Every structure is written in structure tokens, then in C-alpha cells.
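Below is one structure, written out as C-alpha cells, with a few remarks after it.
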Amino acid sequence: QVQLVESGGGLAQAGGSLRLSCAASGSAISTYAMAWFRQAPGKEREFVAGVAWSGATPYYSDSVKGRFSVSKDNAKNTLYLQMNTLKPEDTAVYYCSAKRGLRITTTMFSYDYWGQGTQVTVSS
């Protein structure tokens with residue numbers, strides 16, 4: 001079992017930055033692929049960014065590519081999401097997730113563990 005707890009969300013102005021963290025416990029994340037998803041009001045949960053078990057080969061959705069950066073620190077058992085040049089459309093609840101296996105997917109149903117989410121609100 002893996003427990004995931006997100007932190008770092010809050011209110012930011014358009015063009016600003018936030019850094020999300022996802023602390024894992026219960027199991028080492030070194031053998032899990034991990035990802036960030038987000039869900040805006042009235043919309044489906046969508047993939048944002050993810051990394052393979054090693055922390056290499058990050059993958060991003062087109063909507064955040066070039067603005068967000070995902071990283072995984074296996075020694076600290078923590079996943080990060082650095083969000084720069086924020087836009088109002090980035091407003092959502094952001095969820096950390098982990099899946100058994102080495103590679104990420106963009107499909108939420110492939111993930112085995114989820115955090116409770118952290119709210120990110122970007123004002124214009």
C-alpha cells in the first residue's frame with residue numbers, strides 16, 4: 001500500500017508559479033511510475049505530467065508542456081510538480097497518483113493509488 005499526500009497548492013496570479021509536492025509513505029516509490037492529474041469543476045480528471053519509475057523520461061500533456069516540470073526524488077520518496085507561467089485555465093484540484101510497473105500512462109484508471117488532492121487557483 002502507498003499513501004500519498006499532496007501539498008503546495010494555493011492561490012497564484014496569472015504568470016506566477018507554484019510548486020506541488022506529493023509525499024509517499026507505506027512503500028518506496030522507486031518501483032512505481034507516478035503522475036499528476038487535475039480536475040476542474042464540471043470536467044473530467046485529466047493527465048498533466050508523469051515520470052517513469054526511475055524519474056527519467058517525463059511526459060507532459062500539451063496544455064502544460066514548456067510551463068510545468070515534473071520530478072521524482074526516490075531518496076525522499078516524493079514527487080514534485082513545478083508550475084510556471086500559470087494561467088487561469090490551470091485552476092483545478094491536482095492529484096498525485098502512483099501505478100505499479102515502470103512506465104507511465106495517461107489513463108487515470110491505470111493508477112493504483114491516489115492522494116486526496118490539493119486546490120490550485122489562478123486568478124487573472
Side-chain angles (χ1 to χ4, degrees):
Q1 291 285 340
V2 179
Q3 292 79 46
L4 303 172
V5 178
E6 303 95 337
S7 62
L11 177 64
Q13 291 187 335
S17 298
L18 285 173
R19 188 192 195 205
L20 304 184
S21 298
C22 172
S25 61
S27 181
I29 62 172
S30 55
T31 58
Y32 291 83
M34 299 188 70
W36 290 95
F37 287 75
R38 67 186 181 186
Q39 188 166 17
K43 295 187 176 181
E44 294 185 350
R45 193 170 298 188
E46 64 174 359
F47 174 85
V48 175
V51 288
W53 67 278
S54 63
T57 59
Y59 186 77
Y60 302 93
S61 67
D62 288 343
S63 61
V64 307
K65 195 176 298 181
R67 300 187 298 120
F68 289 12
S69 177
V70 60
S71 60
K72 184 173 182 268
D73 189 332
N74 287 335
K76 294 183 178 180
N77 232 29
T78 302
L79 179 73
Y80 301 98
L81 184 68
Q82 177 66 43
M83 306 186 294
N84 299 326
T85 319
L86 284 162
K87 303 176 180 180
E89 50 263 44
D90 294 319
T91 296
V93 177
Y94 283 71
Y95 296 91
C96 172
S97 60
K99 64 178 291 290
R100 301 182 187 92
L102 306 182
R103 297 183 178 182
I104 61 167
T105 72
T106 61
T107 305
M108 63 175 288
F109 300 107
S110 299
Y111 289 79
D112 303 295
Y113 304 103
W114 293 86
Q116 293 298 309
T118 185
Q119 176 71 47
V120 171
T121 303
V122 183
S123 63
S124 59

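From a predicted model like this one, the values you see are computed outputs, not experimental measurements.
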Fill in: Verify same cluster id: F109, Y113 (apolar side-chain graph, 4.5 Å)
no
Practice prompt. Compare all side-chain heavy atoms of L20 with those of Y94 and state whether any distance is below 4.5 angstrom.
Written response: yes
Worksheet item: Are side-chain heavy atoms of K99 and T105 found at a separation under 4.5 Å?
Response: yes
Worksheet item: Around Q3, counting heavy atoms of other residues, nucleotides and ligands shown, do more than 12 lie under 6.0 Å from its CD?
Response: yes
Worksheet entry | Check: Y32 main-chain N/O paired with K72 side-chain donor or acceptor under 3.5 Å | yes
Response to the item:
In short, A40 meets A92 closest at the heavy-atom pair N-CB, 3.8 Å
Worksheet entry | Atom pair OG (S30) and CG (D73), whose distance is rounded to the nearest 0.5 Å | 11.5 Å
Fill in: Donor + acceptor pair across side chains of S61, S63 (<3.5 Å)
yes
Worksheet item: Checking side-chain contact (heavy atoms from CB on, under 4.5 Å) against M108, which of E44, Q39, R45 comes through?
Response: R45
Practice prompt. Could you check if a side-chain atom of V70 sits within less than 4.5 angstrom of a side-chain atom of F68, using non-hydrogen atoms only?
Written response: no
Item to complete: Evaluate the side chain to side chain contact (heavy atoms under 4.5 Å, CB included) criterion for residues M34 and C96: first the C-alpha distance (whole Å), next the side-chain angles of each, then the deciding distance (0.1 Å), finally the verdict.
Response: CA-CA 7 Å; M34 299 188 70; C96 172; 3.8 Å; yes
Discussion item. Between Y80 and C22, is there a side-chain heavy-atom distance shorter than 4.5 Å?
Written reply: no
Worksheet item: Looking just at side-chain N and O atoms, do N84 and S17 make a donor-acceptor pair shorter than 3.5 Å?
Response: yes
Worksheet entry | Backbone N/O of R67 and side chain of Y60: donor-acceptor pair under 3.5 Å | no
Worksheet, complete the sentence: Here the pair of heavy atoms bringing S27 nearest to V2 is CB-CG2, 3.7 Å
Worksheet item: Once you round to the nearest 0.5 Å, how far does OG of S21 lie from CG of L81?
Response: 9.5 Å
Discussion item. What I'd like to find out is whether the side chain of I104 reaches to under 4.5 Å of the side chain of F47, using heavy atoms alone.
Written reply: yes
Worksheet item: Mind checking whether Y95 and L18 sit in one hydrophobic cluster, side chains of I, L, V, M, F, W, Y counted as touching below 4.5 Å?
Response: no
Fill in: Closest non-hydrogen atom pair, L4 against A24
CD2-CB, 3.7 Å
Fill in: Side-chain touch F37/S97, heavy atoms, less than 4.5 angstrom
yes
Discussion item. Let's go through V51 and T57 carefully: what are the C-alpha distance in whole Å and the side-chain angles of both, what is the deciding distance for side chain to side chain contact (heavy atoms under 4.5 Å, CB included) to 0.1 Å, and is it a yes or a no?
Written reply: CA-CA 6 Å; V51 288; T57 59; over 6 Å; no
Worksheet entry | Donor-acceptor contact present, side-chain T121 to main-chain L11, <3.5 Å | no
Worksheet entry | Contact check, side chains of V120 and T91, non-hydrogen atoms, under 4.5 Å | no
Worksheet entry | Heavy-atom closest pair, residues S124 and P88 | CB-CG, 3.8 Å
Discussion item. Could you check whether any side-chain N or O of E6 sits under 3.5 Å from a backbone N or O of G117, counting only pairs where one atom can act as donor and the other as acceptor?
Written reply: yes
Worksheet item: Salt-bridged, R100 to D112, with N to O below 4.0 Å?
Response: yes
Worksheet item: Does any donor atom in the side chain of Y59 or R103 lie under 3.5 Å from an acceptor atom in the other side chain?
Response: no
Worksheet item: What is the minimum heavy-atom distance between A28 and N77, and which atoms define it?
Response: CA-OD1, 3.5 Å
Worksheet entry | Residues D62, K65: salt bridge by 4.0 Å N-O rule | yes
Fill in: Side chain to side chain, D90 and R38, heavy atoms closer than 4.5 Å
yes
Practice prompt. Hey, could you give me the OG/CD distance between S7 and Q116, rounded to the nearest 0.5 Å?
Written response: 13.5 Å
Discussion item. Looking at every non-hydrogen atom in both residues, tell me the closest pair between L86 and A12 and how far apart they are.
Written reply: CD1-CB, 3.8 Å
Worksheet item: Does atom CD of Q13 have more than 12 heavy-atom neighbours from other groups under 6.0 Å away?
Response: no
